[in-house]
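Quick caveat, the model's predicted, so the values are computed rather than measured.
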Amino acid sequence: MDDSTPTRRPRGRPRAFSDKTEQNTIQSLDRAMGVLEGLAEAGAATLTELAGATGQSPATVYRVLVTLETRGIVELRAEDQTWAVGPRAFLIGSSFLRRASVVERARVPMRHLRDETGETANLGVPRGDEVMFVSQVETHASLRAFFPPGTLSPLHASGIGKALLAWFDAPRRAAYLAEAELTRFTGHTITSPDALAEDLERIRVRGYALDDEEKAEGMRCVAAPVFDATGEAVAGLSVSGPVSRVTPDNAGRLGAQVARAAAELSAALGAPTRA
């Protein structure tokens with residue numbers, strides 16, 4: 001090749017692609033992203049709360065929210081006038097989840113878990129005080145649990161949520177127990193911080209969590225945590241099904257199977273071996 005031939009720039013990169021100075025940023029978009037990130041961290045917030053958290057004026061934050069609302073990226077909860085991240089944000093984010101290691105690597109263990117137990121296998125990740133279900137492999141049985149991707153469930157009233165709580169570091173777990181609103185969903189929901197703390201200790205001892213009709217009557221869920229390369233609980237695996245099939249008698253067997261699948265997924269993520 002003639003040395004005088006100019007080198008062509010890769011498509012999608014302008015001449016100044018590495019220049020991150022103010023002239024190459026869109027300030028209004030930067031502010032909007034700050035609002036969205038603040039909302040994601042809060043879970044739900046009023047206009048005043050979000051303005052205070054982001055350091056922007058209520059008028060600016062409101063314009064950002066209304067713009068994002070038209071795209072379905074945020075939504076206004078009419079019952080309490082709070083804003084929350086909307087379903088479109090999940091659909092956009094799922095393009096990352098499709099290639100994210102934990103989601104990709106979970107598919108085979110989840111299929112094995114479904115085939116081994118005969119129940120629906122689920123994968124969830126923490127999102128504030130909730131679990132977001134990001135993947136599911138359904139049982140072939142006619143009566144089944146169903147959690148579409150993006151479904152949220154409170155940490156204290158779900159198998160994966162309690163599995164994550166049990167292995168959060170002590171300060172994070174203590175902060176949750178001190179501050180979280182433990183909403184009652186059924187007569188089995190744990191709503192006492194002390195009772196929940198005791199349940200979390202039992203979970204750590206036996207290695208798996210049990211949602212015993214705590215979110216929905218007639219359904220049980222057995223779950224175990226998934227750890228990343230740093231040893232942090234970043235996700236949870238579970239199997240869920242009707243109480244007629246997921247019984248107190250077979251919960252221990254299911255728990256061992258789920259814990260084994262979660263350990264295999266953790267190893268695939270580079271997690272250190274746990275005692």
note = Heavy-atom closest pair (Val222 atom, Gly255 atom, distance to 0.1 Å) is CG1-CA, 3.4 Å

ask   = Would you call Leu254 and Gln257 a side-chain contact if the rule is heavy atoms closer than 4.5 Å?
value = yes

key: Sub-4.5 Å side-chain heavy-atom contact between Tyr176 and Leu165   = yes

request  = I would like to know whether Asp30 and Ile26 meet side chain to side chain contact (heavy atoms under 4.5 Å, CB included); could you show each step before the answer?
outcome  = CA-CA 6 Å; Asp30 186 61; Ile26 302 173; over 6 Å; no

ask   = Do Met110 and Val108 sit in the same hydrophobic cluster, where Ile, Leu, Val, Met, Phe, Trp and Tyr count as joined when their side-chain heavy atoms come under 4.5 Å apart?
value = no

ask   = Looking at Thr189 and Ala157, what are the two nearest heavy atoms and their distance?
value = CG2-CB, 4.3 Å

task = Please report the closest heavy-atom contact between Gly124 and Val131, naming both atoms and the distance.
result = CA-CG1, 3.9 Å

Heavy-atom check, side chain of Phe133 versus side chain of Val125, under 4.5 Å = no

task = For a salt bridge (charged side-chain N to carboxylate O under 4.0 Å, His left out) with Glu119, tell me which candidate from Arg114, Arg220, Arg245 qualifies.
result = Arg245

key: Where Phe168 and Ala233 come nearest, the two heavy atoms and their spacing   = CE2-O, 4.1 Å

request  = Identify the heavy atoms of Ala259 and Gly207 that sit nearest to each other, and give their distance.
outcome  = CB-O, 3.9 Å

remark   = Taken to the nearest 0.5 Å, the spacing of Ser28 OG from Met33 CE works out to 12.0 Å

request  = Without swapping roles, check the side chain of Thr60 against the backbone of Gln56 for a donor-acceptor pair under 3.5 Å.
outcome  = no

message = Can you confirm whether Leu47 sits close enough to Val61 that some side-chain heavy atom of one is under 4.5 Å from a side-chain heavy atom of the other?
response = yes

inquiry  = Between the side chains of Glu116 and Arg260, is the shortest nitrogen-to-carboxylate-oxygen separation below 4.0 Å, so that they form an ion pair?
reply    = yes

ask   = Under a 4.5 Å cut-off applied to non-hydrogen side-chain atoms, are Lys162 and Asp199 in contact?
value = yes

task = Identify which one of Thr120, Asn122, Asp211 satisfies the side chain to side chain donor-acceptor pair (under 3.5 Å) criterion when paired with Ser240.
result = Asn122

message = Tell me whether Arg127 is salt-bridged to Glu41, with the criterion being a basic N under 4.0 Å from an acidic carboxylate O.
response = no

task = Measure from the side-chain N and O atoms of Glu69 to the backbone N and O of Val74, and report whether any donor-acceptor pair falls under 3.5 Å.
result = no

task = Evaluate the criterion side-chain hydrogen bond (donor to acceptor under 3.5 Å, both in side chains) for residue pair Thr247 and Asp249; output intermediate values, then yes/no.
result = CA-CA 5 Å; Thr247 68; Asp249 289 340; 4.9 Å; no

message = I'd like to know if Val243 and Met219 are part of one continuous hydrophobic network [Ile/Leu/Val/Met/Phe/Trp/Tyr, side-chain heavy atoms within less than 4.5 Å].
response = no

key: Arg111 and Arg107, any side-chain heavy atoms less than 4.5 Å apart   = yes

task = Indicate yes or no: at least one non-hydrogen side-chain atom of Arg202 is less than 4.5 angstrom from one of Leu200.
result = no

inquiry  = Looking only at the side chains, is there a donor atom on one of Thr82 and Arg77 sitting less than 3.5 Å from an acceptor on the other?
reply    = no

task = Compare every heavy atom of Leu152 with every heavy atom of Glu130, then report the nearest pair and how far apart it is.
result = OE1-CD1, 3.5 Å

Chi angles and distances behind the side chain to side chain contact (heavy atoms under 4.5 Å, CB included) call for Phe185, His156 = CA-CA 11 Å; Phe185 296 97; His156 76 285; 3.9 Å; yes

ask   = Does Val103 belong to the same Ile/Leu/Val/Met/Phe/Trp/Tyr cluster as Leu237, with side-chain heavy atoms less than 4.5 Å apart forming each link?
value = yes

ask   = Out of curiosity, does Ile203 fall in the hydrophobic cluster containing Leu182 (side-chain heavy atoms, cut-off under 4.5 Å, transitive links)?
value = yes

key: Side-chain donor/acceptor of Ser135 to backbone N/O of Leu123, under 3.5 Å   = no

key: pair Thr46-Asp80: side-chain heavy atoms closer than 4.5 Å   = no

inquiry  = Quick check with a 6.0 Å cut-off and a 45 degree axis cone: is Arg206 positioned over the face of Tyr208's six-membered ring?
reply    = yes

task = Please answer: with hydrophobic residues joined when any side-chain heavy atoms are less than 4.5 Å apart, are Val35 and Val85 in the same cluster?
result = yes

task = State whether the side chain of Asn250 and the backbone N or O of Arg253 hold a donor-acceptor pair below 3.5 Å, judged by distance alone.
result = no

inquiry  = Regarding Asp228 and Thr230, do their side chains bring together a donor and an acceptor under 3.5 Å, going by distance alone?
reply    = yes

